[in-house]
Engineer: 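Attaching a single structure in structure tokens format; questions to follow.
Throughout, protein chains are lettered first and strands after them, A, B, ... in sequence-line order, and every chain is numbered starting at 1. Bear in mind the structure is a predicted one, so any value in this text is a computation, not a measurement.
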2 protein chains.
Amino acid sequence: MNSDFTLAVHSLTLLSLLPDRMSTSDAIAESACVHPVRIRKVLGLLKKQGFIQSREGTGGGFVFTKEPSEVSLWDLYQLTANGTIQPKCPKSNHECIVGSNMKHVLTSIFEDGEEYLGSFLNQYTIQDIVKQVKQES
Amino acid sequence: MNSDFTLAVHSLTLLSLLPDRMSTSDAIAESACVHPVRIRKVLGLLKKQGFIQSREGTGGGFVFTKEPSEVSLWDLYQLTANGTIQPKCPKSNHECIVGSNMKHVLTSIFEDGEEYLGSFLNQYTIQDIVKQVKQES
DNA sequence: TTTCACTGTAACATTTATGATTACAGTACC
DNA sequence: GGTACTGTAATCATAAATGTTACAGTGAAA
């Protein structure tokens, strides 16, 4: 899985800790050690989904507009990592009964598998992450 | 996920259809449209685990030495793709409470998540894949 | 009404992961 | 000894992920 998911969780966790003010992409990027442009891209997805709001210009940035308990890891997975557990299926030989069907068979199984994983990830919310992060420090 | 998992499933499915003779890495590679060396690498893992046997030299190749119903997709996932659902966590800022703990928190959740996914993949065996592949054609 | 501090987004560069290819030693059969 | 395989390491090519630069748009504030 690429790190967009992690950046989404990281960003929302940070924003949860600073609910009363705008946080800039530069500040979030510094905490996550990535380039601010990546943060802006990932947060763009979260904004479309209504999880956060942004404001341009001086004093602008991002704020969390939902309760941390309302956003689950499954929500964020679907936004940023949907389909990543699918095993890569190299195009295979259509002359062969196995080659010609393997991709479809595995894709279908892993679609169901991803839904199944979803019911696990749905148990965890940003609130839980905030709690755990605080506990560990 | 890289395609080792798919190649493992593909290879065992083929071998299941040809239980009475040795199949060469060249033949399997042709069905899967990949390089024979990759097949030999992946099948090396399966051999260590005792799923197949190989013989070198003329007339050599690979044979399945277990029942297709005894090998599950979870077995093959663990061999070839363990840890791939872990979200990438870029090294993060240790000055920051979030940065310093995010990696550990997410890793722990996704270890459990992978186990959970395991109980799903464990439902499917190579026999099921063989059946589905036959059905579709 | 200009300047400054932001977001939004596209284009390009770099790094890393993945897979292909080559090479060759080892083994078994003929 | 020749041929047909596996086993494995090393190198090369390609694709995916990420970083970087550039710049237009926006809003606050001097």
Engineer: Output the rounded distance in Å from CZ (A/Phe62) to C1' (C/dA5).
Structural biologist: 13 Å
Engineer: Angle between the two end axes of the helix from C/dT1-D/dA30 to C/dC30-D/dG1, five base pairs per end, rounded to 10 degrees?
Structural biologist: 0°
Engineer: Using the test side chain to side chain contact (heavy atoms under 4.5 Å, CB included), find all partners of B/Ser100 that sit at least two apart in sequence or belong to another chain.
Structural biologist: B/His94
Engineer: Determine all donor-acceptor pairs shorter than 3.5 Å in which one atom belongs to a side chain in residues 127-135 of chain A; sequence neighbours excluded.
Structural biologist:
unit_1   : atom_1 : unit_2   : atom_2 : d
A/Asp128 : OD2    : A/Thr125 : N      : 2.9
A/Asp128 : OD2    : A/Thr125 : OG1    : 3.4

Engineer: Rounded off to whole Å, could you give me the CG-to-C1' distance for the B/Leu7 and C/dA20 pair?
Structural biologist: 13 Å
Engineer: Within this structure, what is the CG-OG distance for the pair A/Asn93 and B/Ser31, rounded to the nearest 0.5 Å?
Structural biologist: 6.0 Å
Engineer: All N/O contacts under 3.5 Å from nucleotides 16-20 of chain D to the protein, with atom names and distances to one decimal?
Structural biologist:
unit_1 : atom_1 : unit_2  : atom_2 : d
D/dT18 : OP1    : A/Ser3  : N      : 3.4
D/dT18 : OP1    : A/Ser3  : OG     : 2.9
D/dT18 : OP2    : A/Arg38 : NH2    : 3.3
D/dG19 : OP2    : A/Arg38 : NH1    : 3.3

Engineer: Looking at residues at least two apart in the chain, or sitting in another chain, which of them share a side chain to side chain contact (heavy atoms under 4.5 Å, CB included) with A/Pro36?
Structural biologist: A/Ser25, A/Asp26, A/Ala29, A/Arg40
Engineer: To the nearest angstrom, how far is A/Asp26 atom CG from C/dC6 atom P?
Structural biologist: 7 Å
Engineer: Under the salt bridge (Lys or Arg N to Asp or Glu O under 4.0 Å) rule, what pairs show up with a residue in residues 42-68 of chain B, not counting sequence neighbours?
Structural biologist: none
Engineer: Taking CG from A/Leu45 and P from C/dT9, how many angstroms apart are they, rounded to a whole number?
Structural biologist: 10 Å
Engineer: With the sugar-phosphate defined as primed atoms, P, OP1 and OP2, and the base as all remaining atoms, what B/S/- string results for nucleotides 25-30 of chain D, 5' to 3', for protein heavy atoms under 4.0 Å?
Structural biologist: BBBB--
Engineer: Measure CD1/A/Ile39 against P/C/dT9 and give the value in whole Å, please.
Structural biologist: 16 Å
Engineer: With no hydrogens and no angle check, is any side-chain donor or acceptor of B/Asn101 less than 3.5 Å from a backbone partner on B/Ile97?
Structural biologist: yes
Engineer: Report the residues that fulfil ring pair (Phe, Tyr, Trp, His ring centres under 6.0 Å) with A/Phe120, sequence neighbours left out, ordered by chain and then residue number.
Structural biologist: A/Tyr124, B/Tyr116
Engineer: Would A/Ser92 and B/His10 count as having a side-chain donor-acceptor pair, cut-off 3.5 Å?
Structural biologist: no
Engineer: Would you classify A/Gly61 as touching base, sugar-phosphate or nothing, given that sugar-phosphate means primed atoms plus P, OP1 and OP2, and contacts are heavy atoms under 4.0 Å?
Structural biologist: sugar-phosphate
Engineer: So, does A/Lys47 get its side chain near the phosphate of C/dT7, meaning an N or O under 4.0 Å from OP1 or OP2?
Structural biologist: no
Engineer: Check this for me: B/Gln53, atom CD, are more than 12 non-hydrogen atoms of other residues, nucleotides or ligands nearer than 6.0 Å?
Structural biologist: no
Engineer: Can you tell if the side chain of A/Met1 reaches within under 4.5 Å of the side chain of B/Met1, non-hydrogen atoms only?
Structural biologist: no
Engineer: What residues, two or more places apart in sequence or in another chain, satisfy ring pair (Phe, Tyr, Trp, His ring centres under 6.0 Å) together with A/Phe5?
Structural biologist: B/Phe110
Engineer: Can you give the donor-acceptor pairs under 3.5 Å from side chains of residues 74-81 of chain B to other protein atoms, not counting sequence neighbours?
Structural biologist:
unit_1  : atom_1 : unit_2   : atom_2 : d
B/Trp74 : NE1    : B/Gln78  : OE1    : 3.3
B/Asp75 : OD2    : B/Ser72  : N      : 2.9
B/Asp75 : OD2    : B/Ser72  : OG     : 3.3
B/Tyr77 : OH     : B/Thr84  : OG1    : 3.2
B/Tyr77 : OH     : B/Glu114 : OE2    : 2.5
B/Thr80 : OG1    : B/Leu76  : O      : 2.7

Engineer: Go through the steps to decide whether B/Phe64 and B/Val71 satisfy the test side-chain contact (heavy atoms from CB on, under 4.5 Å), and finish with yes or no.
Structural biologist: CA-CA 10 Å; B/Phe64 204 172; B/Val71 180; 3.8 Å; yes
Engineer: B/Arg40 has an atom CZ; how far is it from atom P of D/dT6, in whole Å?
Structural biologist: 6 Å
Engineer: Mind calculating the distance between CG (A/Leu46) and C1' (C/dG8) to the nearest angstrom?
Structural biologist: 15 Å
Engineer: Any salt bridge (Lys or Arg N to Asp or Glu O under 4.0 Å) pairs touching residues 3-22 of chain B, not counting sequence neighbours?
Structural biologist: B/Asp4-B/Arg38
Engineer: Could you list by number each residue of residues 16-25 of chain A showing a heavy-atom separation from DNA chain C of less than 4.0 Å, or answer none if no residue does?
Structural biologist: A/Thr24, A/Ser25
